[in-house]
Every structure is written in structure tokens, then in C-alpha cells.
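Beneath this line is the structure, given in C-alpha cells, with notes to follow.
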Amino acid sequence: MDQQKMPPAVLRLLVIFPNVLSYILLGGLIIFVLTNYAELKAADNLKIWFISIAALTPMSLMTTYSIVKKIRAGHM
């Protein structure tokens, strides 16, 4: 069975677009926490928002690193 390969430009788009969305989400979370800091602290919800930011940041950075590594290696 002969399987067609996906063009590299489409593959890059399918991989990079969710990564860009994760950075937009991270920026939105940071802005949300900064603008609502007092209310979140008063409601004792600040810890969960910091945990969310702390979890999303390394995931976004590691995904970006792996994408750049694959592009430089010529796999995408």
C-alpha cells in the first residue's frame, strides 16, 4: 500500500499552530492573574493559577525546542 506523504509546509503548520495557541493561552493566563491578583488572593485561588502557569510554561518551551530541532534536522 503506497501511503502519500504530507507536504512539509502543511506539517509545520499543523505542528506550529497549536504551539502558538499555547503561547497565547500562557499570555492570557499571566494577564488574567496580574489583573485579578487581589481578588484571586482573597478567594484563595491564586495557587491554582500559578500552578497552571508553571505547568504550561515548560510544556510550551519544550514543544518549541523540539519543533526547532526537527526543522533543523530536516524532518519537517
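Quick caveat: nothing in here was measured; it's all calculated off a predicted structure.
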Taking atom OG of Ser60 and atom CG of Leu56, what is their separation to the nearest 0.5 Å?
-> 4.0 Å
Rounded to the nearest 0.5 Å, what separation is found between the NZ atom of Lys47 and the NZ atom of Lys41?
-> 12.5 Å
Atom CG of Leu46 and atom CD1 of Ile51: how far apart are they, to the nearest 0.5 Å?
-> 10.0 Å
The reported gap from CG in Leu29 to CD1 in Ile24 (rounded to nearest 0.5 angstrom) is 12.5 Å
Interatomic spacing from CE in Met59 to CG in Leu25 - rounded to 0.5 Å = 9.0 Å
Please check if any side-chain donor atom of Asn19 sits under 3.5 Å from a side-chain acceptor atom of Thr63, or the reverse.
-> no
Please tell me if the side chains of Lys70 and Ile67 come closer than 4.5 Å, counting only heavy atoms from C-beta onward.
-> no
All heavy atoms of Ile48 vs all of Asn45, minimum pair found to be CG2-O, 3.1 Å
Separation of Ile30 CD1 from Thr35 OG1 (nearest 0.5 Å) = 12.0 Å
Ile71, Leu13: one ILVMFWY side-chain cluster at the under-4.5 Å cut-off?
-> no
Side-chain contact, heavy-atom cut-off 4.5 Å: Leu61 with Tyr23?
-> yes
Side chains of Phe32 and Leu40: closer than 4.5 Å at any heavy-atom pair?
-> yes
